[in-house]
Amino acid sequence: MASGQVCVSNIVTGTYDEIYAVVCQIPEGRVATYGQIARLINRPRGARQVGYALAALSDDKQVPWHRVVNAQGGVSRRAKGGYEEYQQILLESEGVTFDESGRIDLSRYLWRSSDCT
DNA sequence: CTTGTGACTGTAC
DNA sequence: AGTACAGCCACAA
């Protein structure tokens with residue numbers, strides 16, 4: 001599938017920007033956990049920062065933040081409610097199926113950064 | 001520089 | 001399986 005990766009152009013090597021870059025690299029139909037992303041940017045204990053970075057994310061950036069879920073494979077609550085449902089809809093639109101409890105099968109949809117080359 | 005907070009994670013009960 | 005506590009990093013005031 002022709003995935004559209006068009007956000008890396010605005011990325012700057014800083015702190016949050018690295019997180020955005022990783023999120024942008026997540027292909028469609030795949031999801032990544034905060035801890036996974038945190039490790040990718042060399043911040044194995046910065047899982048919190050990843051979520052905080054997405055919280056501070058602005059609409060100007062085309063970052064698929066909806067592909068980022070917690071370690072339980074579920075959508076975390078945001079500071080401004082209303083978007084948790086929006087995220088699930090976007091993921092379902094990409095082919096991701098949710099569990100009865102509203103959770104994703106990470107063993108099946110978890111994105112692998114170190115695979116296929 | 002110190003304090004507070006947050007879209008998290010892992011362990012323990 | 002769900003709830004509770006502590007740890008961690010980065011940014012704003």
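Hydrogens, waters and symmetry mates play no part in the numbers below; they use all other heavy atoms, side chains included. Predicted model, so just to flag it, every value in this text is computed and none were measured. The chains referred to below are lettered A, B, ... by the order of the sequence lines, with proteins before strands, and numbering in each begins at 1.
With hydrogens and angles ignored, no donor-acceptor pair under 3.5 angstrom links the side chain of A:R43 to the base of C:dC9. Evaluation of atom-type donor-acceptor distances gives a pair under 3.5 Å for the side chain of A:R48 against the base of C:dG7.
Heavy atoms only, all atoms of each residue included: A:A56 and A:Y16 are closest at CB-CE2, 4.3 Å. Smallest separation of non-hydrogen atoms from A:L110 and A:A32: CD1-CA, 3.9 Å.
When the P atom of B:dA7 is taken as reference, atom CG of A:L91 falls 19 Å away, rounded to whole Å. A straight line from CZ of A:R67 to C1' of B:dA7 spans 17 Å, rounded to a whole angstrom. Protein atom CD1 of A:I104 is 19 Å distant from nucleotide atom P of B:dA7, rounded to whole Å. If you measure from atom CG of A:N70 to atom P of C:dG2, you get 13 Å, rounded to the nearest angstrom.
Of the candidates B:dC8, C:dC9, B:dA7, the closest approach to any side-chain atom of A:Q49 belongs to C:dC9. Of the candidate nucleotides B:dT9, C:dC11, C:dC9, B:dT9 has the atom nearest to the side chain of A:Y34. Relative to the side chain of A:Q72, the nucleotides C:dA10, B:dA7, B:dT9 differ in distance, and B:dT9 lies closest.
Side chains of A:E94 and A:H66: a donor on one and an acceptor on the other come within 3.5 Å.
Using a 4.0 Å heavy-atom distance criterion, A:R103 is classed as a sugar-phosphate-only contact.
Mapping A:Y52 and A:R45 onto DNA chain C by nearest heavy atom places A:R45 at the nucleotide closer to the 5' end. Nearer to the 5' terminus of DNA chain B, by closest-nucleotide assignment, is the contact made by A:L54 (compared with the other of A:L54 and A:R39).
Contact check for A:L91 versus A:R67: side-chain heavy atoms found under the 4.5 Å cut-off.
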